[in-house]
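Side chains included, hydrogens not; waters and symmetry mates left out as well; all remaining heavy atoms used. So you know, we letter chains A, B, ... as the sequences are listed, proteins then strands, and number each from 1.
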Amino acid sequence: MSLHVYNTLTRKKEEFKPIKEGEVGMYVCGPTVYGDSHIGHAKSYVSFDLIYRYLLYSGYQVLYVQNITDVGHLTDDADEGEDKIELEARKRKLQPMAVVERYTRSYFEDMDRLHVLRPDISPRATGHIIEQIGIIQSLIDKGYAYEVNGSVYFNIEKFREYGKLSGRSLDEMIAGVRVESKTEKRHPADFALWKKAEPEHLMKWQSPWGIGYPGWHIECSAMSMKYLGEHFDIHGGGIENQFPHHECEIAQSEAATGKPFVKYWLHNNMVTVEGQKMGKSLGNFVTLKDAFERFNPLVIRFFILQSHYRSPLDFSNDALAAAEKGYTRLINTVMALRNKIDVNQGGEHIPIDLNLYKNNMIDAMDDDFNSPQAIAHLFDLSREVNQYLHDGTHYSASSLETVDNLYRAFGDTVLGILPESVHSSSSGAENIEGDLIQLLIDVRNEARKQKQFTLSDMIRDRLKESGVHLEDSREGTNWKRDT
RNA sequence: GGCGCCGUACCCAAGUGGUAAGGGAGAGGUCUGCAAAACCUUUAUGCGGCGGUUCGAAUCCGCCCGGCGCCUCCA
């Protein structure tokens, strides 16, 4: 099987064939940087990180662009309300760009901890005002947009295909639009490309239509087409942005270029918290910085990848705790494996059919990035690995390394959950700390020989309090840190 | 109201026509001074309910019940 992806545009899984063989252009709607990232961001960007990683693993040359929205995203998508960045800036008495800087850094910090690879380009909307104005001008020239009192709106009645992504018709939208308080728009569902700035507005630029600022949707068209071309392979984002955001992107981009905009639209589903939608108004936002206090970021990543990116995910302490245990099992196996690689010499070849596992994992990932299935195969592999690791046979380091290569490929490169740094500390280059722990282990084992179990258990308990876990086995005592 | 999604064991969660993955929890066992780790066995004749199509359905169709999302801030 080859890679198949679910395309929102056609509502079915399609074979993935990039426009240019061997190369993929991918654009994902990035965060609006007016606050700390939350677990919803984690699901979204871990999902597209998985997609990015698998495309790379599959041998594609990928150009991954993910914007940073630092202007134009209003508190109300019907083109009213305040700019989110400005609102935060006023609240905190900061420059808007200071807000942007703070939360852009915060975003990347959080994503780094989740082992989300950085996009190739992270363009900022404010850095692409000229490009946005260019598209808007071209839309006016072609009759798709009109200027009213210093603002410019897209005329959706001129774009017959408006609604094709979200499956809506113009009639429905007229019925669905709530009462408009502004009368500038010709059609209630028209959307702003450029907004006139009132004098007190902080972020504003000169344009052919006066002083103003760009609408939210236009930035994504401008930045995606600038770096990926007018027609590119993948556009991703949260499912809630299907309408209106992505619908508007299609309209303005295709109207401006006369070409199809995006070949594959990919949307990830959303996070609920304890069964409830996570929303500002509900006050149940879980920021990543808070979540990281309770769980290892990689446990959160593992938890996210244990369900499909197109399925909703319920975030709860119990579910995370269960995921943590499962994750620890995988880590333990990898640690045990790498530990043997370090100490084993010579020996037999471990008889695992690695190609079977590899092909299973490729099949899973080829099927619309089915990470839960891929992880299931990782568990199957781990069970078999553990069986061999505990059967008393001496397996050669070189054959164990071929097993480890599979963990590196899928656990690290593709899924990003089992980093190369996962390693038992009981071997390799020792520092003084390692020497001292080994000394305690030796003392404890001497005590065990003399059946002084009170002393030996005390040593084990005290080390555990310090985050060092001892495990006795036939071959001796290993130790590891808390994961 | 419009559009769409989902309902699989105690919990989480894959599976879209061929006879129910995986993880957690529970029970029993092996190993062990004990513990931990690991392994073995076990836990859904059934996939919300009722009909239908089919040799065969969790998977397709219809109706019903229940939950959720988008249309409004949010990834």
Side-chain angles (χ1 to χ4, degrees), chain A residues 8 11 13 28-32 34-35 37-48 73-78 80-81 84 163 166-169 171-178 189 236-245 267-272 275-282 285 302-303 306-308 310-314 316 318-330 332-333 335-336 360 364 367 370-380 382-391 448 451-453 456-457 460-461 464 469-474 477-478 480:
Chain A
T8 309
R11 290 174 203 290
K13 280 184 198 169
V28 171
C29 287
T32 302
Y34 67 106
S37 304
H38 53 252
I39 53 177
H41 292 103
K43 174 162 166 74
S44 193
Y45 299 120
V46 165
S47 296
F48 286 104
H73 199 168
L74 305 186
T75 54
D76 181 328
D77 270 351
E80 291 171 57
K84 293 179 178 188
S166 52
R168 288 152 206 261
S169 71
D171 293 345
E172 286 163 9
M173 278 179 268
I174 295 167
V177 165
R178 61 222 150 88
I239 198 169
E240 83 288 351
N241 279 332
Q242 210 178 98
F243 185 88
H245 186 51
H267 290 98
N268 67 277
N269 218 310
M270 305 188 70
V271 168
T272 54
Q276 266 216 315
K277 170 186 185 172
M278 186 171 72
K280 282 261 159 59
S281 48
L282 295 166
F285 260 71
F302 172 81
F303 174 69
Q306 239 191 335
S307 84
H308 190 92
R310 282 191 291 113
S311 299
L313 178 66
D314 189 50
S316 70
D318 288 352
L320 259 296
E324 184 172 45
K325 290 183 180 173
Y327 178 70
T328 303
R329 277 197 56 198
L330 287 180
N332 282 342
T333 304
M335 276 186 182
N360 281 342
D367 183 14
N370 194 334
S371 56
Q373 191 66 259
I375 288 174
H377 293 308
L378 224 39
F379 275 106
D380 287 336
S382 297
R383 180 181 301 111
E384 200 177 346
V385 168
N386 279 322
Q387 283 169 1
Y388 288 119
L389 250 34
H390 291 83
D391 71 359
R448 289 172 69 208
K451 301 208 187 300
Q452 296 179 28
F453 297 123
S456 65
D457 289 352
R460 186 172 60 198
D461 292 345
K464 190 178 175 184
H469 300 257
L470 302 190
E471 290 175 5
D472 300 323
S473 74
R474 257 179 277 192
T477 303
N478 286 321
K480 63 175 187 184

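Residue contacts for A:Ala322: at a heavy-atom cut-off of 4.0 Å it reaches the sugar-phosphate backbone alone, with no base atom in range. Residue contacts shown for A:Ser311 are limited to sugar-phosphate atoms, with no base heavy atom under 4.0 Å away. Using a 4.0 Å heavy-atom distance criterion, A:Phe379 is classed as a sugar-phosphate-only contact. Contact annotation for A:Ser37: no contact, since no heavy-atom pair falls under 4.0 Å across all strands. Within 4.0 Å (heavy atoms only), A:Lys325 reaches sugar-phosphate atoms of the nucleic acid but no base atom. Nucleic acid contact class of A:Asp318 (heavy atoms, under 4.0 Å, all strands): none. Using a 4.0 Å heavy-atom distance criterion, A:Gln387 is classed as a sugar-phosphate-only contact. Residue A:Asp461 is out of contact with every strand shown, counting any heavy-atom pair closer than 4.0 Å. Using a 4.0 Å heavy-atom criterion, one finds that A:Gly238 contacts the sugar-phosphate atoms exclusively. No contact: A:Phe303 has no heavy atom under 4.0 Å from any strand.
For A:His41, the ring pair (Phe, Tyr, Trp, His ring centres under 6.0 Å) criterion is met by A:His38, not counting sequence neighbours.
Rounding to whole angstrom units, CD of residue A:Gln242 and P of B:C68 are separated by 20 Å. Rounded to whole Å, atom P of B:C39 lies 8 Å from atom NE2 of A:His390. Rounded to whole Å, atom P of B:A36 lies 14 Å from atom CZ of A:Arg448. With rounding to whole Å, A:Glu240 atom CD is found 19 Å from B:G4 atom P. Taking atom CD1 of residue A:Ile239 and atom P of nucleotide B:G69, one finds them 12 Å apart after rounding to whole Å. Protein atom CG of A:Leu313 is 13 Å distant from nucleotide atom C1' of B:A75, rounded to whole Å. The distance from atom CG of A:Leu320 to atom C1' of B:C11 is 14 Å, rounded to the nearest whole Å. Distance NE2 (A:His308) to C1' (B:G69): 17 Å, rounded to an integer number of Å.
In this structure, A:Phe453 packs face-to-face on the six-membered ring of B:G33, meeting both the 5.5 Å centre cutoff and the 30° plane limit.
Between the side chains of A:Lys480 and A:Asn332, at least one donor-acceptor pair of N or O atoms lies under 3.5 Å.
For the pair A:His38 and A:His469, both in contact range of RNA chain B, the more 5′-proximal nearest nucleotide belongs to A:His469.
Distance check on atom C1': B:A37 versus B:A20 gives 30 Å, rounded to whole Å. Rounded to whole Å, the C1' atom of B:C39 lies 41 Å from the corresponding atom of B:A75. Using atom C1' as the reference point in both B:U16 and B:G56, the two lie 15 Å apart (nearest Å). B:U43 sits 15 Å from B:G23 when the C1' atoms are compared, rounded to a whole Å. For the P atoms, the distance linking B:C5 with B:A44 amounts to 32 Å, nearest Å. For the P atom pair drawn from B:G4 and B:U42, the interatomic distance equals 45 Å after rounding to whole Å. Straight-line distance between the P atoms of B:G69 and B:A13: roughly 15 Å, to the nearest whole Å.
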Just the atom pairs and distances: protein N or O near nucleotides 5-10 of chain B's N or O, under 3.5 Å.
none

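Taking the six-membered ring where tryptophan is involved, the planes of A:Phe302 and A:Phe379 are perpendicular, since the angle between them exceeds 60° and thus also 30°.
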